[in-house]
Amino acid sequence: MMKNKNLIIILKILIIAGFIAGGMVIALYPVGNQAVTITVDTDAETISYTLPVDEIEKAKEVVVAFSGAKDAVISEIRIYRSLKSVCVEKILPSNIDGFASVQKDSIVFNENTCDMLRRVSASFLAERIILMETVLALSMLLWILTGALNEKMNPENRNNHGPVFEIRRFCQDMSKYKEYVFFAAKADLRAEVANSYLNRLWWLLEPFFNMLVYVLVFGRVMGHSVQNYATFVYSALLMFNYFSRTINYSVKCVRNNRDIVTKVYIPKYILLISNMILSFYKLIFSMIVLIAMMFIFRVQTGWNILWVIPAYLVMFLLSFSIGMIFLHYGVYVDDLGYAVGILLQMLMFLSGEFYDVITSLPAPLNLMMMSMNPAAMFIDTMRNALLYNVAANLPLIGLWTLISILLCYIGVHIVYKNENGYVKVV
Amino acid sequence: MKEIALDVSHVSIDYKNLMHMSLHQSILKNGVQKSEIIRAVDDVSFSVEKGQILGIVGRNGSGKTTLLRSIAGIFQPDEGYIDTHGNRVSLMAIGIGFNGNNTGRENILKSGMLLGCKLDYVKEHMDEIIEFSELGDFIDRPVRTYSSGMYSKLSFSVTAILDTDIMLVDEVLSVGDEHFRQKSYKKMEELMMSERTVLIVSHATETLTHFCDKVLWINDGKLVQTGDTAEVLERYNESMQL
């Protein structure tokens, strides 16, 4: 018994030490310049051209040959290093003149592009951030596994909140309350429109008029360099609004459901899930408007549009896990709601609803934003897939999936541990 | 010796008085202020046999509701343990999860599911509940249009009809008009005959004498006396005189 306890403490110290050591190595390890690849996406094909390190050093112009360059419609030019999807610079068709001139059978990139190539070749910041996040996620995973080990080794600790116990309980609760969750979401939805004249039509009207505003304001008034700007903004806002609505709700969740919480036992996250399903029903109606909009503006799509699904899944997971953590603190701290509201507002402008993060922010900042801000990541992934038929950042989205699953566990753990005290406070 | 349905042993429940506070309070005061601990229930133990009806009496604020809530699993006791022997417990309360904008029917379903019943099961008993509640056409109107009597009648009916093994009743028997009151009395008598175990909290002595097999008297969170209904009630009433 005593030996077990010591073992667990040693393991935990090892994990912390490993995390610090890994972080140091990643932060300080000198990485030399690397080869850079230029990829040109056209409507018909994708051309890649890789430059070795020594050529980049002295390059004044780069010629990428492909037949029929003059007639091809270039959708995007990307510049990246070996870790393909992490560190990316983009050249959009609207400002291609500053970087290259299109010849008959080739594209000639000028001095500006060469500067960009040298910058991309030298910078290792984005990779460092990503690796750091990976180490963090792995440490979290190991920490949880240590907890599971602790639980397994002390059989008398039955009622302790060990990971194995909690995950099993979570699954049981989910299947037990499955019916309730859907029913409550539908009932709440009906209750919202029960005494309005236009009734269910509102679910369609609201997103429709929102869309109209975006088309007028962003599409016409603020003429912008991004193609399909109205759709660009609308699709991002749909996603972000879901995220922020869920988190805003989670802060007040227990108090809003005082009637339920003080009268029966219910796992408190069930209330959050029910609200997420309610928002999801509304999201579907907004999606219908979005699809109509894409037809009207003739957005070209392809198979890569399926990447929208993982982007949304990561968003759901993340909003649930962050929501659960706020659900707990929201019970005890009165004005958390204001703080969270302000933070979400800031996050909204930082995550690039109204601009493209990669091309609009200056060089190191855009990559940092992309790799550290999950909202920017899932919005960009979704939008690229939806509007430009570009595949997702697989390492980045995979990493954030892992992090959100771990956060989910932490949220469930916090809620299970404390939920019996909530009634005493509300 | 009959089967035991509920065991409460040495249960104590504290209210740590962590009232909600503002951000700056929590930062300035270095986290949660741990000052007052109010002991709402102090070392209470008793057990209830299956099919028995137990009354709980005590002054206001003596911890009766807290005790019921922790038996219902709404929160865990700080000390001691409560064993329900796998029986399903429901706390009969007014309007569990009722939403004023939903119709009575929807609220019955929602409430029933919150009590841990399956959707199909609640649907099966829907007619029975509606009939018992005497709401008639009102059942398809939004609950916010109900009078307060109708509201409590509906919520009483949900818990009375849906079958849970242990029922906890917190002073709701005075629901509705005289007619409905008599009906609920009859329903309670029916329940008494059946296998259900019931715990009633009430101030109405006549109700308790009528129903209970046993009475528990709590004062300031402490158990004063358990035992035969007439005996305990007599002493309790004596202590309540001016």
Side-chain angles (χ1 to χ4, degrees), chain A residues 159 161 173 175-196 251-252 254-268 270-271 274 278 329-340 342 416-426, chain B residues 13-27 31-32 38 40 65-66 69-70 72-78 81 89-103 105-107 109-120 122 141-145 155 159 170:
Chain A
N159 278 332
H161 298 268
D173 281 344
S175 75
K176 187 177 167 195
Y177 286 97
K178 195 173 50 194
E179 278 178 334
Y180 170 74
V181 163
F182 285 100
F183 185 83
K186 271 185 218 153
D188 286 345
L189 201 57
R190 270 195 295 268
E192 267 180 34
V193 292
N195 43 356
S196 56
V251 179
K252 300 168 291 178
V254 174
R255 266 180 234 185
N256 282 359
N257 290 293
R258 227 177 153 271
D259 271 355
I260 297 175
V261 171
T262 54
K263 286 168 187 164
V264 284
Y265 170 74
I266 181 171
K268 305 301 171 285
I270 293 289
L271 302 169
S274 170
L278 175 115
Y329 289 106
V331 177
Y332 296 105
V333 184
D334 257 340
D335 44 7
L336 190 65
Y338 296 107
V340 168
I342 295 167
Y416 271 147
K417 202 172 166 190
N418 298 296
E419 65 181 354
N420 281 319
Y422 294 167
V423 197
K424 297 175 183 173
V425 183
V426 288
Chain B
I13 299 161
D14 292 336
Y15 275 85
K16 281 203 196 64
N17 211 16
L18 350 130
M19 287 304 122
H20 19 96
M21 50 186 161
S22 67
L23 266 181
H24 99 265
Q25 270 175 316
S26 62
I27 292 165
V32 180
I38 298 164
T65 308
T66 308
R69 279 184 178 175
S70 66
I74 296 169
F75 49 69
Q76 251 156 13
D78 295 284
Y81 69 92
V89 183
S90 67
L91 176 64
M92 188 183 273
I94 301 292
I96 301 166
F98 274 22
N99 184 332
N101 280 329
N102 284 128
T103 63
R105 221 177 266 276
E106 282 168 337
N107 276 318
L109 289 172
K110 201 173 158 192
S111 225
M113 275 192 273
L114 278 172
L115 289 172
C117 301
K118 292 259 164 250
L119 182 61
D120 293 333
V122 188
R141 292 195 202 161
V143 168
R144 95 191 112 80
T145 60
S155 43
T159 5
D170 195 355

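To find a chain, count down the sequence lines: A is the first, B the second, and so on, and within it residues start at 1.
Rounding to the nearest 0.5 Å gives a distance of 9.5 Å between CD of B:Glu106 and CG of A:Asp188. Expressed to the nearest 0.5 Å, how far CE of B:Met113 lies from NZ of A:Lys178 amounts to 12.5 Å. Rounding to the nearest 0.5 Å places SG of B:Cys117 at 10.5 Å from CD of A:Glu179. One finds the CD1 atom of A:Ile260 at 9.0 Å from the CG atom of B:Asn99 (value rounded to the nearest 0.5 Å).
Minimum heavy-atom separation, A:Lys176 to B:Lys118: O-NZ, 4.2 Å.
With contacts defined as side-chain heavy-atom distances shorter than 4.5 Å, the pair A:Arg190/B:Asn102 qualifies. Counting only heavy atoms from C-beta outward, the side chains of B:Leu109 and A:Phe183 approach each other to under 4.5 Å.
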Inset, instruction - Would you sort out whether A:Tyr180 and B:Leu114 count as a side chain to side chain contact (heavy atoms under 4.5 Å, CB included), showing the intermediate values? - result: CA-CA 7 Å; A:Tyr180 170 74; B:Leu114 278 172; 3.6 Å; yes
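The contact between B:Ile13 and chain A is made entirely by side chain atoms (from C-beta outward), counting heavy-atom distances below 4.5 Å.
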